Amino acid sequence: MRPLLSPFLACVTIISPALALAETAPAELDPVQVTTDRSRKKLSETAPNTTVVDRDRLDAGPAGNMADAIRYEPGVSVASDPNRRGNAGFTIRGIGGNRILMLIDGIRLPDAYLGGGTAISSRDYVDMASLQAIEIVRGPQSSLYGSDALGGVVGYRSKRVDDVLKPGARIGGGFKGFGASDDDSHGATASLGFRTGQIDGLLVYTYRKGQATDTMGRNDSDGFARTAANPQDWHQDNVLARFGWQPGERHRLEFTAENFSRLVDTRLLGSLNNARTGLTPRAAQVDSQDAKDRLRRQRLSLGWHAHQLGPFQRLAATLYRQALSERDSDVALGTETAWQGRRPVSRPGTLTRSSHAFTQTQTGLNLELEQQFDALAASHRLVWGTDLSRTDSARPRDRWRTYADGSMTRLIPSPRPGMQAERYPSKTFPDSTSDRIGLFAEDDMRFAGGLVVSPGLRWDFYRMRPRPDLAYRNANTTGQTVNRFRDSALSPKLGVALPFASHYTGFLQLTTGFRAPPFDDANTAFTNTAHGYTILSNPALQSEKSRGAELGLKGAWPSFDFGLTAFHTRHSGFIDSVFLHEDHNRVQFYQYRNLSRVDISGAEARMAWRFAPGWRLVTTLAHAQGEDRDSKRPIDTVAPTTAITGLRYGNDTYGAEGFVRAVARQGRVRDPGGFRAPGHATLDLSTYWRPGKHMTLRADVFNLFDRKYWHASDIRGRKPGDRALDRHTRPGRNFSASFELAI
């Protein structure tokens with residue numbers, strides 16, 4: 001227990017001297033309301049495991065993508081691929097990928113497709129300029145949000161008309177232009193809002209264009225030793241439209257439409273293997289390879305909101321449909337090597353075109369009701385409701401090969417002896433429909449003296465129905481069967497908050513997490529002829545589960561506040577790919593199974609001190625350690641200990657801030673011979689100036705001292721001798737600037 005408590009006690013020691021000075025500056029209001037808590041609590045009333053990145057923080061970042069948005073949130077990370085894919089999903093307290101539930105305005109965001117355990121598709125498909133805030137809840141949260149909230153929840157809150165219009169105004173908006181040097185990006189966002197009578201509306205449009213994010217690597221040669229980022233050009237745009245009708249004081253109807261799209265062109269120089277690069281081809285000689293990746297996410301929703309209606313203080317119903325379409329295409333020119341009997345045959349001048357897609361369409365209904373009443377010597381705020389959704393997922397794959405003589409085929413021969421040719425079109429898993437039904441209830445019971453007890457319970461039913469077709473059978477060369485899957489789970493929660501000694505509140509939380517086997521793990525049946533492996537389906541997969549316990553303390557004075565958390569989470573039934581055996585053709589067989597039992601423990605702290613008018617000192621700290629209880633080996637996904645300190649000054653005309661981000665050396669890793677990210681510290685500086693009432697200029701410099709460093713999340717599984725290690729370094733000194741005009 002000592003490793004868990006030491007950082008916790010150290011934080012108490014650090015903040016104690018500031019308490020004596022906490023009465024010297026004026027108080028700040030707490031207008032931030034947390035919507036990822038179903039009871040809509042103020043941030044000051046929530047446990048310390050909840051944080052909010054508001055619009056001011058997103059602007060000051062500045063946040064061009066999801067990784068920028070959590071730059072100063074220790075314990076939360078975003079892995080990035082410098083070769084092609086960019087940002088993947090969030091990792092919270094060592095749990096990441098689709099085990100983190102992501103929401104936008106309470107609607108579940110699409111999954112990422114994970115092939116072989118790594119992100120083949122990104123979850124970076126929300127434009128930060130369209131958001132008003134990002135809410136992060138650490139730890140299992142299935143009692144409120146059901147399946148997939150195994151490690152936490154990230155809730156995006158998009159802008160509404162009240163975020164654009166000034167009080168009493170009937171029309172308003174703004175324009176913002178921005179640029180950044182780390183990826184040579186630039187763009188602009190424009191917003192327009194109006195309100196007339198019972199009708200209001202909002203339109204936000206954002207355009208961005210840029211190149212690959214810089215690395216500190218200096219090797220720009222072709223081949224696997226390349227450390228500079230691959231040449232890349234991308235552009236994206238996002239449209240958010242909202243229209244509201246308020247026929248009376250108690251009712252409101254709101255229609256929302258959103259369209260996000262991104263197009264990325266990449267020259268895959270780091271993947272080339274030919275005589276010119278000095279590399280021996282492993283499967284086929286590749287002289288050139290260019291990729292074009294397209295992504296589109298579209299959302300339509302109709303919401304009804306009411307308050308003070310009969311026995312209900314609040315009612316909310318949202319009907320929605322959301323569609324994600326990702327299509328990755330590439331063209332490779334090189335030499336095919338295939339076997340005819342026992343003799344390898346080479347065919348130079350071979351052109352290979354590939355088109356792989358991932359689509360996911362969701363239709364659903366969310367219903368939430370809130371009642372307030374007195375009973376059993378307590379005042380109650382009961383929130384209950386249901387989530388209903390249907391998700392259709394598909395992974396169509398196609399490939400054509402054109403030879404120098406003009407002939408073309410979709411039957412791709414294997415470069416390995418004894419392997420069958422790969423037939424296209426194909427699908428690595430069958431088209432699947434997933435149905436979810438969730439019923440939840442949470443009661444905030446407030447007793448005399450301020451004690452708050454919050455029990456919660458959710459029941460989830462999950463059903464997945466595969467639909468195998470000819471394309472799936474083309475990949476399922478071993479003839480494996482696929483089965484339907486269904487499961488249900490009860491996810492309880494208990495929260496206790498006890499105020500004491502005027503300024504303090506203690507928190508205790510017991511939470512649970514649940515995640516049904518996803519669309520691909522159970523029914524993936526695929527043979528990769530080029531690399532010599534087969535993945536077997538596993539209809540016997542069971543749901544993953546987690547249990548968490550947290551002990552927290554918050555303190556609040558007019559000029560000072562802090563929050564401390566100690567936590568322990570036990571995850572069981574983790575689904576992971578397992579090596580089974582190797583056959584006489586040296587083909588390796590794998591299968592997804594429930595294996596790992598993982599324990600993760602740690603401590604987190606944050607404090608803010610407003611020691612003079614306009615001045616603010618903030619410090620945050622996160623420490624965690626995790627272990628696979630089956631193998632007794634550490635968990636690579638747990639981030640090293642991180643401390644962030646920022647000093648800010650600001651008034652209505654100008655302001656500045658500086659942030660130091662210090663990260664400890666990565667400790668034990670799963671592979672004892674694996675690369676460990678060195679410790680590092682970086683300094684970021686930002687400033688703003690408002691020369692007029694409606695105008696704001698910002699300028700920022702990041703990594704001021706041009707430090708070379710890696711994020712541990714980017715180099716998992718790498719070896720110290722990996723020639724491409726520097727390809728995964730983060731940018732050196734870089735700059736950004738923006739100009740904003742508010743109407």
Side-chain angles (χ1 to χ4, degrees), residues 53 57-73 76-88 90 122 124 126-129 176-189 206-220 226-236 262-267 269-270 293 644 646 657-661 663 677 680-688 697-715 724-739:
V53 183
R57 184 70 255 152
L58 292 172
D59 285 334
N65 53 53
M66 62 192 297
D68 294 340
I70 53 91
R71 192 196 309 265
Y72 305 123
E73 285 294 322
V76 183
S77 61
V78 173
S80 182
D81 170 28
N83 297 307
R84 175 177 182 180
R85 307 295 175 181
N87 294 320
F90 290 98
S122 167
D124 196 358
V126 174
D127 195 285
M128 300 295 110
K176 183 176 182 179
F178 43 78
S181 68
D182 62 340
D183 59 359
D184 293 326
S185 65
H186 60 274
T189 184
T206 305
Y207 176 80
R208 300 179 188 269
K209 183 177 182 180
Q211 299 179 8
T213 301
D214 290 339
T215 72
M216 295 287 280
R218 297 293 178 261
N219 185 343
D220 61 356
R226 180 183 179 87
T227 58
N230 283 323
Q232 187 178 86
D233 291 295
W234 59 266
H235 68 266
Q236 71 181 44
R262 180 190 295 127
L263 177 64
V264 183
D265 291 314
T266 310
R267 295 184 62 200
L269 300 182
D293 303 334
I644 299 172
E657 66 180 24
F659 275 89
V660 174
R661 187 175 189 274
V663 181
H680 65 272
T682 57
L683 173 63
D684 303 334
L685 300 177
S686 301
T687 184
Y688 72 86
L697 301 174
R698 295 183 183 273
D700 318 273
V701 55
F702 302 100
N703 192 5
L704 178 66
F705 296 113
D706 204 28
R707 289 291 307 274
K708 176 181 176 180
Y709 67 98
W710 292 263
H711 283 172
S713 58
D714 296 342
I715 47 87
L725 264 180
D726 283 359
R727 193 189 306 176
H728 299 271
T729 52
R730 306 305 296 176
R733 186 185 301 110
N734 62 95
F735 308 88
S736 70
S738 66
F739 163 79

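Computed from a predicted structure; not experimentally measured. All values below come from the heavy atoms of this structure, side chains included, with hydrogens, waters and symmetry mates left out.
In this structure, the separation between CG on Asp184 and CG on Asp214 is 6.0 Å, given to the nearest 0.5 Å. Taken from OG in Ser738 to CZ in Arg698, the straight-line distance is 6.0 Å, to the nearest 0.5 Å. Separating the CZ atom in Phe702 from the CG atom in Asp182 is a distance of 8.0 Å, to the nearest 0.5 Å. To the nearest 0.5 Å, the span separating CG on Asn87 from OG1 on Thr213 amounts to 7.0 Å. With rounding to the nearest 0.5 angstrom, the CD atom of Gln211 is 9.5 Å from the OG atom of Ser185.
Heavy atoms only, all atoms of each residue included: Lys176 and Asp59 are closest at NZ-OD1, 3.0 Å. When all heavy atoms of Arg267 and Asn230 are compared, the closest pair comes out as O-CB, 3.3 Å. Scanning both residues, Thr189 and Phe178, for their nearest heavy atoms gives N-CE2, 4.0 Å. Nearest heavy-atom pair, Thr729 versus Gly217, reported as atom, atom and distance to 0.1 Å: OG1-N, 3.7 Å. Here the closest heavy-atom approach between residue Thr215 and residue Ala229 is recorded as OG1-N, 3.9 Å. The minimum heavy-atom distance between Leu685 and Gly658, with the atom names listed, is CD2-CA, 3.8 Å.
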ask   = When you look at Thr682 and Tyr709, which way does the side-chain contact (heavy atoms from CB on, under 4.5 Å) test go after all the steps?
value = CA-CA 9 Å; Thr682 57; Tyr709 67 98; 3.7 Å; yes

request  = Under the side-chain contact (heavy atoms from CB on, under 4.5 Å) rule, what do Leu263 and His235 come out as? Steps first, then yes or no, please.
outcome  = CA-CA 6 Å; Leu263 177 64; His235 68 266; 3.6 Å; yes

task = List the steps and the verdict of side-chain contact (heavy atoms from CB on, under 4.5 Å) for His680 and Arg661.
result = CA-CA 8 Å; His680 65 272; Arg661 187 175 189 274; 4.0 Å; yes

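The salt bridge (charged side-chain N to carboxylate O under 4.0 Å, His left out) test applied to Arg71 returns Asp68, not counting sequence neighbours. For Trp710, the ring-ring contact (aromatic ring centres under 6.0 Å, His included) test picks out Phe675, with sequence neighbours left out. With sequence neighbours excluded, the residues satisfying ring-ring contact (aromatic ring centres under 6.0 Å, His included) with Tyr72 are Phe659. Residues meeting the salt bridge (charged side-chain N to carboxylate O under 4.0 Å, His left out) test with Arg226, sequence neighbours left out: none. Take Asp700 and apply the salt bridge (charged side-chain N to carboxylate O under 4.0 Å, His left out) test, not counting sequence neighbours, and it matches no residue.
Applying the salt bridge (charged side-chain N to carboxylate O under 4.0 Å, His left out) test between Arg208 and each of Asp127, Asp233, Asp124 identifies Asp127 as the sole match.
In this structure the side chain of Met216 reaches within 4.5 angstrom of the side chain of Asp706, judged on heavy atoms. Using a 4.5 Å heavy-atom cutoff, the side chains of Val78 and Ser713 are not in contact.
The salt bridge (charged side-chain N to carboxylate O under 4.0 Å, His left out) pairs that include a residue from residues 725-734 are Lys708-Asp726, Asp714-Arg730, where partners are two or more places apart or lie in different chains.
A distance-only check finds a donor-acceptor pair linking the side chain of Thr227 to the backbone of Arg218 [under 3.5 Å]. Within the 3.5 Å criterion, the main-chain N or O of Phe735 finds a donor-acceptor partner in the side chain of Ser181.
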